[in-house]
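Only one structure is covered here, and it is reproduced in the block below.
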Amino acid sequence: MTTLRLGDIAPDFEQNSSAGTIRFHEWLGDSWGVLFSHPADFTPVCTTELGYTSIVEGEFAKRNAKVIAISVDDAESHKKWIQDINDTQNTELTFPILADPDHKVAKLYDMIHPNASSTVTVRSVFIIDPAKKIRLTLTYPASTGRNFDEILRVLDSLQLTDNYSVATPVNWKQGDDVIIAPSVSDDVAKEKFPKGFKSLRPYLRLTPQPGK
């Protein structure tokens, strides 16, 4: 079973889904991707997670990101479950849910943790960039629903810090000040960040979010 680390290439696969056959890297194309796993169909926490993700799917699209879920049940079961999700969560789910009854994808992405359960996936999240590199991994226990606002926040941070020599501080959100990378000298920072910056310490300099 593979242990995936940040910066690794996300494993490619071909698998059936609620939307037909998915060739993962081809499906991602030049987009960012969010792959997230569910223990099983017709489970209560998953139903709320998928419903909320469907509601905010447009927010992911604004960030050039595609979302794709996975559960160990088959595609026909997924299609029936989607009807429940739409009905109970007041949405219209359109993104694919991968079928993984053979655990092929779960094993590729180390989504089954035997000491938690030997048969169902934990709540794993992977953010994958357009170069197919894994940029974030999260693992929640089966009993705890994920915070998809946080996943959007991390996506914002990754895209911002890829484009500018900055990092984002604790609890950062869009529009907040950011931290200038320590590798950038004050002289260079004056050129790169025309809005100026505040030095709390030589290694801790805050500047308004670039591009805003």
Side-chain angles (χ1 to χ4, degrees), residues 10 15-22 24 26-100 105-106 109 111 120-130 134-162 168 170-176 209 211-212:
Q15 198 78 327
N16 195 18
S17 80
S18 59
T21 300
I22 297 283
F24 188 51
E26 180 183 309
W27 177 83
L28 282 172
D30 295 325
S31 299
W32 290 72
V34 178
L35 170 65
F36 58 109
S37 60
H38 298 272
D41 290 3
F42 300 102
T43 49
V45 176
C46 300
T47 299
T48 64
E49 289 181 324
L50 285 164
Y52 187 76
T53 306
S54 175
I55 290 167
V56 299
E57 185 182 6
E59 291 299 317
F60 285 100
K62 288 178 187 176
R63 294 157 172 83
N64 187 35
K66 296 179 177 179
V67 292
I68 186 166
I70 177 174
S71 173
V72 297
D73 294 302
D74 62 33
E76 288 308 309
S77 174
H78 291 351
K79 291 174 184 177
K80 294 174 184 175
W81 186 26
I82 287 170
Q83 294 173 15
D84 274 7
I85 294 165
N86 290 341
D87 185 44
T88 63
Q89 307 303 306
N90 194 29
T91 188
E92 193 67 34
L93 192 153
T94 58
F95 59 83
I97 304 176
L98 291 164
D100 198 36
V105 179
Y109 282 81
M111 292 172 170
V120 298
T121 56
V122 290
R123 297 186 192 284
S124 298
V125 181
F126 297 88
I127 293 182
I128 299 160
D129 70 17
I134 294 172
R135 302 295 299 277
L136 170 134
T137 63
L138 286 171
T139 302
Y140 284 66
S143 58
T144 303
R146 287 162 283 206
N147 185 333
F148 281 83
D149 293 336
E150 167 64 5
I151 295 168
L152 282 166
R153 189 189 77 90
V154 175
L155 188 56
D156 283 339
S157 174
L158 288 170
Q159 293 181 347
L160 176 68
T161 57
D162 276 0
T168 54
V170 63
N171 295 337
W172 175 87
K173 58 184 183 298
Q174 279 281 16
D176 288 351
Q209 179 179 330
K212 281 288 182 181

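Bear in mind that the values here come from a model prediction, so they are computed numbers and not experimental data. Heads up: numbering here begins at 1 and tracks the sequence.
Side-chain contact between Leu138 and Arg146 is absent, with no heavy atoms from C-beta onward closer than 4.5 Å. Counting heavy atoms from C-beta on, the side chains of Met111 and Arg123 never come closer than 4.5 Å. By the 4.5 Å heavy-atom criterion applied to side chains, Leu158 and Asp129 are not counted as neighbours. Taking the side chain as every heavy atom from C-beta outward, Thr43 and Val45 never approach each other to under 4.5 Å. Looking at Ile22 and Gln15, their side chains never come closer than 4.5 Å, going by heavy atoms from C-beta outward. At least one side-chain heavy atom of Val34 sits under 4.5 Å from a side-chain heavy atom of Ile151. At a threshold of 4.5 Å between non-hydrogen side-chain atoms, the residues Thr53 and Phe36 count as touching. Counting heavy atoms from C-beta on, the side chains of Tyr52 and Asp149 come closer than 4.5 Å.
Residue Asp100 comes nearest to Ala106 through the heavy atom pair OD2-N, 2.9 Å, listed as atom of the first residue, atom of the second, then distance. Across every non-hydrogen atom of Val72 and Pro39, the tightest pair is CG2-O, 3.5 Å. In terms of heavy-atom proximity, Ser31 sits nearest to Asn64 at OG-OD1, 3.3 Å. The two residues Asn147 and Tyr140 have their closest heavy-atom pair at N-OH, 3.8 Å. Heavy-atom minimum distance, Leu50 versus Ile97: CD1-CD1, 4.1 Å. Residues Gly175 and Gln209 come closest through the heavy atom pair N-OE1, 2.6 Å.
Taking the six-membered ring where the residue is Trp, the centroids of Phe95 and Phe60 are separated by 6.0 Å or more. Remark: aromatic rings of Tyr109 and Phe126 are close, center separation under 6.0 Å.
Without hydrogens or angle criteria, Glu49 side chain to Gly145 main chain gives no donor-acceptor distance under 3.5 Å. Of the possible polar contacts, none joining the Thr144 side chain to the Pro141 backbone as a donor-acceptor pair under 3.5 Å is found. Between the Arg135 side chain and the Leu155 main chain, no donor and acceptor come within less than 3.5 Å of each other.
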**Report entry** Trace of the side-chain contact (heavy atoms from CB on, under 4.5 Å) decision for Thr48 with Thr88
**Finding:** CA-CA 8 Å; Thr48 64; Thr88 63; over 6 Å; no

Report task. Show your working on side-chain contact (heavy atoms from CB on, under 4.5 Å) between Ile134 and Ile127 and close with a plain yes or no. Result -> CA-CA 6 Å; Ile134 294 172; Ile127 293 182; over 6 Å; no

Query raised in the report: Can Ser18 and Glu76 be said to form a side-chain contact (heavy atoms from CB on, under 4.5 Å), step by step?
Result: CA-CA 7 Å; Ser18 59; Glu76 288 308 309; over 6 Å; no

Query - Criterion side-chain contact (heavy atoms from CB on, under 4.5 Å) on Thr137 and Val125, from CA distance to verdict - result: CA-CA 6 Å; Thr137 63; Val125 181; over 6 Å; no

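The structure places CD1 of Ile85 at 14.5 Å from NZ of Lys80, a figure rounded to the nearest 0.5 Å. How far OG of Ser54 is from CG of Asn86: 6.5 Å, rounded to the nearest 0.5 Å. Of the inter-residue distances, the one linking Ile68 atom CD1 with Ser17 atom OG reads 6.0 Å to the nearest 0.5 angstrom. The line from NZ of Lys62 to CG of Asp156 is 10.5 Å long, rounded to the nearest 0.5 Å. With rounding to the nearest 0.5 Å, the separation of OG1 in Thr94 from CD1 in Ile82 is 9.0 Å.
In this structure, Lys66 forms no cation-pi arrangement with Trp32, as its terminal cationic atom is not both closer than 6.0 Å to the ring centre and no more than 45° off the ring axis.
With respect to the salt-bridge test (charged N to carboxylate O, under 4.0 angstrom), the residues Asp176 and Lys173 qualify.
Dense packing is recorded around CG of Asp162, with more than 12 heavy atoms of other residues, nucleotides or ligands lying under 6.0 Å away.
Listed by chain and residue number, Ser71, Asp73, Ser77, His78, Trp81 satisfy the side chain to side chain contact (heavy atoms under 4.5 Å, CB included) test with Asp41 (two or more places apart in sequence, or in another chain).
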